[in-house]
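Start at 1 with the first residue, then count along the sequence. None of these values were measured; they are calculated from a predicted model. Start at 1 and go down the list; that is how both ligands and their atoms are numbered.
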Amino acid sequence: MLEVTDLHVSYGSVNAVRGVSMSAQAGRITLVLGSNGAGKTTSLRAIHGLLKAKSGSVKLKGKEILGQPSHRQVRHGLVMVPEGRRIFPSLTVEENLRMGAYTATRAATQKTMAEVYEKFPILLERKGMPGGLLSGGEQQMLAFGRAMMSQPEVVLLDEPSMGLAPAMVDRVMNRVREIADTGIAVLMVEQNADAALAIADDVVLVQRGEVVWTGTAEQAQADTALVHTFLGEAALGA
Ligand SMILES: Nc1ncnc2c1ncn2[C@@H]1O[C@H](COP(=O)(O)OP(=O)(O)OP(=O)(O)O)[C@@H](O)[C@H]1O
Ligand SMILES: [Mg+2]
């Protein structure tokens with residue numbers, strides 16, 4: 001569904017991403033783990049056309065899309081939920097959702113919005129409220145809902161659990177699992193390895209801009225020494 005091959009991205013002389021390859025398959029969650037500064041966000045932003053890559057290939061359903069602007073990618077089924085959620089705080093929940101559907105017709109937008117409200121009842125409850133007044137967890141649901149408005153086939157998620165209370169983290173992860181279970185391919189960056197491994201299928205470990213390990217979530221969970229080595233003792237809880 002999404003195939004990233006030998007991606008290189010630099011900030012001036014800083015080679016932040018050095019030959020990263022990863023993929024996402026329909027109905028599966030690929031989890032990208034790595035410590036601070038490993039190049040996770042840089043990779044996602046370059047994949048989505050928000051940063052210029054130096055070289056590499058990004059194929060969506062077999063078609064090369066590297067360098068394509070993000071709005072065009074959204075039209076072809078690839079959407080990103082950025083780090084920090086980036087909802088519009090002064091717009092209502094419903095207006096925020098509508099922002100995610102700018103490519104669709106009005107009738108299609110209404111239909112998709114009804115589906116999003118069905119999946120995220122809290123958003124229906126809060127639909128007239130400014131996005132900025134929602135709790136962190138609710139804002140993350142809104143960011144997911146907004147992404148779903150474009151009826152994506154592949155979703156890029158950058159640290160969906162960031163800044164959330166521990167009790168909320170598992171709920172957000174369960175939502176990610178549900179999104180994948182509808183057949184969407186998910187490529188997710190997370191620092192919260194413990195919670196993310198519980199719902200992930202495939203794992204990519206990134207260190208200093210390079211992929212150092214790939215395997216299944218089961219393999220990563222079984223090999224705690226590996227995860228500790230690359231993410232530190234805090235990565236897998238106590
Ligand atoms: N705008 C920028 N200009 C210059 N260097 C940058 C910029 N953004 C990131 N970097 C550097 O690129 C490297 C990768 O950063 P990136 O944000 O992709 O890491 P990350 O894996 O997402 O980390 P985190 O877990 O902190 O979100 C780091 O060394 C960082 O300092
Ligand atoms: Mg990041």
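- The hydrophobic cluster containing Val32 also contains Leu66, counting ILVMFWY residues as joined when their side-chain heavy atoms lie under 4.5 angstrom apart, directly or transitively.
- Close approach to Glu83 involves these atoms of ligand 1, each under 4.0 Å from a residue heavy atom: 27 (O).
- Residues Leu7 and Val9 have side chains in contact (heavy-atom distance under 4.5 Å, counting atoms from C-beta outward).
- Within ligand 1, the atoms closer than 4.0 Å to a non-hydrogen atom of Glu159 are 25 (O), 27 (O), numbered from 1 in the order shown.
- Residues Val20 and Met22 have side chains in contact (heavy-atom distance under 4.5 Å, counting atoms from C-beta outward).
- Counting only distance, with no hydrogens or angles, the side chain of Asn96 and the backbone of Leu91 share a donor-acceptor pair below 3.5 Å.
- With respect to atom 14 (C) of ligand 1, the closest heavy atom belonging to the protein is Gly37 O, 3.4 Å.
- Residue Gly39 has at least one nitrogen or oxygen atom sitting less than 3.5 Å from a nitrogen or oxygen atom of ligand 1, judged on distance alone.
- If you number the atoms of ligand 1 from 1 as listed, the ones under 4.0 Å from a heavy atom of Asn36 come out as 23 (O), 24 (P), 25 (O), 26 (O).
- When the shell of 6.0 Å around NZ of Lys59 is examined, it contains 12 or fewer heavy atoms from other residues, nucleotides or ligands.
- In this structure, a donor-acceptor pair under 3.5 Å is absent between the side chains of Asp6 and Ser21.
- Here the side chains of Glu190 and Lys40 are not in contact, with every heavy-atom distance at 4.5 Å or above.
- Below 3.5 Å of separation, one finds no N or O of Val14 facing any N or O of ligand 1.
- Under the 4.0 Å distance rule, the nearest protein heavy atom to atom 31 (O) of ligand 1 falls outside the cut-off.
- Taking backbone and side chain together, Thr41 holds an N, O or S atom under 2.8 Å from the Mg ion (ligand 2).
- Of the protein's heavy atoms, Tyr11 CE1, 3.3 Å lies nearest to atom 10 (N) of ligand 1.
- Residue Phe144 is tested with Glu178, Arg85, Arg175 for a side chain to side chain contact (heavy atoms under 4.5 Å, CB included); the sole match is Arg175.
- Within the 4.0 Å heavy-atom cutoff, Arg45 does not count among the residues contacting ligand 1.
- Counting heavy-atom neighbours within 6.0 Å of Arg18 CZ, excluding the residue itself, gives a total above 12.
- Here the heavy atom of the protein found nearest to atom 17 (O) of ligand 1 is Thr41 CB, 3.9 Å.
- The protein reaches atom 6 (C) of ligand 1 closely, with a heavy atom under 4.0 angstrom from it.
- Close contacts between ligand 1 and Ala16 involve ligand atoms 12 (O), 13 (C) [criterion: under 4.0 Å to a heavy atom].
- Close contacts between ligand 1 and Gln191 involve ligand atoms 24 (P), 25 (O) [criterion: under 4.0 Å to a heavy atom].
- Checked for salt-bridge contact, Lys111 and Glu115 meet the test: a charged N lies under 4.0 Å from a carboxylate O.
- At under 3.5 Å, a nitrogen or oxygen of Thr42, whether backbone or side chain, sits near a nitrogen or oxygen of ligand 1.
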